2 protein chains.
Amino acid sequence: MNSNTYQNTKELIATAGLKATHPRIAVLHELLTNEEHPTAEQVHTALQPNNPSVSLGSVYRILEKLVEVGLARPVASRNGLKRYDARTDSHSHIYAVNTEEIQDYYDEELNDLIKGYFDKKKISNFKITEVKLQINGEKADPDKKVTIV
Amino acid sequence: MNSNTYQNTKELIATAGLKATHPRIAVLHELLTNEEHPTAEQVHTALQPNNPSVSLGSVYRILEKLVEVGLARPVASRNGLKRYDARTDSHSHIYAVNTEEIQDYYDEELNDLIKGYFDKKKISNFKITEVKLQINGEKADPDKKVTIV
DNA sequence: ATTCTAAATAGGAATAATTCTTATTTACTG
DNA sequence: CAGTAAATAAGAATTATTCCTATTTAGAAT
């Protein structure tokens with residue numbers, strides 16, 4: 001990655017109070033640029049060409065650390081694999097069941113709708129931190145993105 | 001379980017085109033009565049007292065089969081475990097992050113709201129099969145249920 | 001620039017979760 | 001009741017994730 005990007009990613013990590021090690025910078029950068037909500041194994045594979053010494057065990061550990069400090073979020077999935085997302089804005093996920101893909105979906109109107117709904121509700125014994133829509137379905141053409149407009 | 005319940009569960013299985021074996025009846029009944037969205041291991045543990053010969057490998061296989069025929073649904077979770085739900089009506093899930101619990105949440109108004117939203121949308125390359133909210137947050141008292149009214 | 005050290009890492013072992021294999025059992029059809 | 005395709009138990013194998021330890025390193029202090 002170019003030195004500007006490297007520096008930016010490094011700063012994100014340092015600002016979060018973590019030691020800005022090279023493996024961490026590499027993992028976070030991969031997560032920021034990979035919008036596929038990858039598993040640890042997929043992140044590790046993607047890093048191999050340019051970072052062959054970053055170990056899989058480290059990738060697992062680093063991802064959990066990034067979640068811990070808020071630089072990443074775990075993504076709910078149904079196939080028993082841990083997945084991650086670097087996007088921290090409020091958005092929803094489209095789950096293509098047939099291709100086992102999870103695609104981001106963002107709509108300010110939807111966010112407002114959900115917020116409005118919960119604003120009217122009385123919630124007991126629970127503090128909501130995040131609400132997202134889980135949109136399950138099947139992709140027609142596996143090579144194209146899903147679009148909702 | 002009483003013989004009426006056993007018979008009802010057996011009929012659900014037979015109606016779905018599966019051989020109504022005892023292990024299958026036991027697993028489906030456990031899923032119908034356990035609202036905790038259990039893992040295969042939890043279902044197996046729950047069956048032990050009255051069904052000690054049902055093996056863990058069989059529970060895994062049976063759960064996937066129930067999903068295949070529509071008698072169960074996989075539940076999205078973030079901790080890398082496969083969970084299951086026998087409820088097939090349209091509902092959402094409350095994820096208590098601190099207690100790692102998933103609680104059902106049903107509101108017809110919410111369902112209508114979501115349906116209305118998507119009715120206005122143009123969706124390409126995707127066929128929606130199900131939409132639910134993932135309501136993430138933290139439980140205050142771990143021994144009480146979350147309520148949203 | 002150098003030293004120091006607490007924290008991070010690589011590498012691999014260990015554990016947990018899930019899937020697969022095979023000999024045996026069984027639900028259901030005829 | 002007999003037959004048999006499908007299901008199962010039991011355990012092995014595989015995959016996903018976590019843990020351990022010797023070594024390395026980022027960054028603070030000088």
Side-chain angles (χ1 to χ4, degrees), chain A residues 6-7 9-30 37-48 50-69 71-72 74-84 100, chain B residues 6-7 9-30 37-48 50-69 71-72 74-84 100:
Chain A
Y6 193 95
Q7 204 56 39
T9 311
K10 184 174 182 177
E11 276 168 26
L12 278 175
I13 292 171
T15 300
L18 296 183
K19 262 186 175 179
T21 64
H22 176 71
R24 284 177 174 172
I25 294 164
V27 168
L28 179 55
H29 180 257
E30 177 57 30
H37 311 90
T39 62
E41 163 77 27
Q42 288 167 336
V43 171
H44 180 248
T45 299
L47 292 186
Q48 278 310 291
N50 296 326
N51 302 275
S53 65
V54 176
S55 74
L56 178 58
S58 296
V59 175
Y60 273 99
R61 219 175 15 80
I62 290 167
L63 285 168
E64 285 304 315
K65 199 69 168 174
L66 293 177
V67 167
E68 199 178 299
V69 301
L71 286 173
V75 173
S77 76
R78 308 201 290 188
N79 65 359
L81 298 174
K82 281 188 166 184
R83 290 180 175 277
Y84 298 87
E100 297 223 337
Chain B
Y6 192 97
Q7 203 56 38
T9 312
K10 184 174 181 176
E11 276 167 29
L12 278 176
I13 293 171
T15 300
L18 297 183
K19 260 184 175 181
T21 64
H22 175 70
R24 284 177 173 169
I25 294 164
V27 169
L28 180 55
H29 179 258
E30 177 57 32
H37 310 89
T39 63
E41 162 79 28
Q42 287 167 337
V43 171
H44 181 249
T45 299
L47 292 185
Q48 277 312 288
N50 297 327
N51 302 274
S53 66
V54 176
S55 74
L56 179 56
S58 294
V59 175
Y60 273 99
R61 223 176 9 82
I62 290 168
L63 285 168
E64 285 305 315
K65 199 67 166 176
L66 293 177
V67 168
E68 198 179 300
V69 301
L71 286 172
V75 173
S77 77
R78 307 203 287 192
N79 65 0
L81 297 174
K82 282 188 164 184
R83 290 179 175 277
Y84 298 87
E100 297 221 335

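Bear in mind the structure is a predicted one, so any value in this text is a computation, not a measurement. Letters A, B, ... are given to chains in the order of the sequence lines, protein chains preceding strands, and every chain is numbered from 1.
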Practice task
Determine the contact category for B:A20: base if any of its heavy atoms lies under 4.0 Å from a base atom, sugar-phosphate if only primed atoms, P, OP1 or OP2 are that close, otherwise nothing.
Solution key: sugar-phosphate
Nearest whole Å is fine: how far is [N] [atom2] from [X] [atom1]?
| X | N | atom1 | atom2 | result |
| --- | --- | --- | --- | --- |
| B:L63 | D:dA7 | CG | C1' | 15 Å |
| A:Q42 | D:dT15 | CD | C1' | 14 Å |
| B:E100 | C:dA17 | CD | P | 11 Å |
| A:K82 | C:dT15 | NZ | C1' | 14 Å |
| A:L81 | D:dT14 | CG | P | 18 Å |
| B:Y60 | D:dA12 | OH | P | 17 Å |
| A:E64 | D:dA16 | CD | P | 16 Å |
| A:H44 | D:dT15 | NE2 | C1' | 15 Å |

Handout entry: Of the listed nucleotides D:dT18, C:dT18, D:dG27, the one nearest the side chain of A:K10
Key = D:dG27
For [X], side chain to side chain contact (heavy atoms under 4.5 Å, CB included) partners two or more places apart:
| X | answer |
| --- | --- |
| A:T21 | A:K19, A:P23, A:R24 |
| A:A16 | A:V69, A:L71 |
| A:Q7 | A:K10, A:E11 |
| B:E41 | B:T39, B:T45, B:L56 |

Problem - For B:T15, side-chain hydrogen bond (donor to acceptor under 3.5 Å, both in side chains) partners two or more places apart - result: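 Once residues adjacent in sequence are excluded, B:T15 has no partner under the side-chain hydrogen bond (donor to acceptor under 3.5 Å, both in side chains) criterion.
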Exercise for the section: Quick one, give me the B/S/- string for nucleotides 4-12 of chain C, reading 5' to 3', where B means a protein heavy atom under 4.0 Å from the base and S means that only happens at the primed atoms, P, OP1 or OP2. Expected result: --BSSBBB-
Practice task
Check whether any side-chain N or O of B:H22 sits under 3.5 Å from a backbone N or O of B:V54 as a donor-acceptor pair, and report yes or no.
Solution key: no
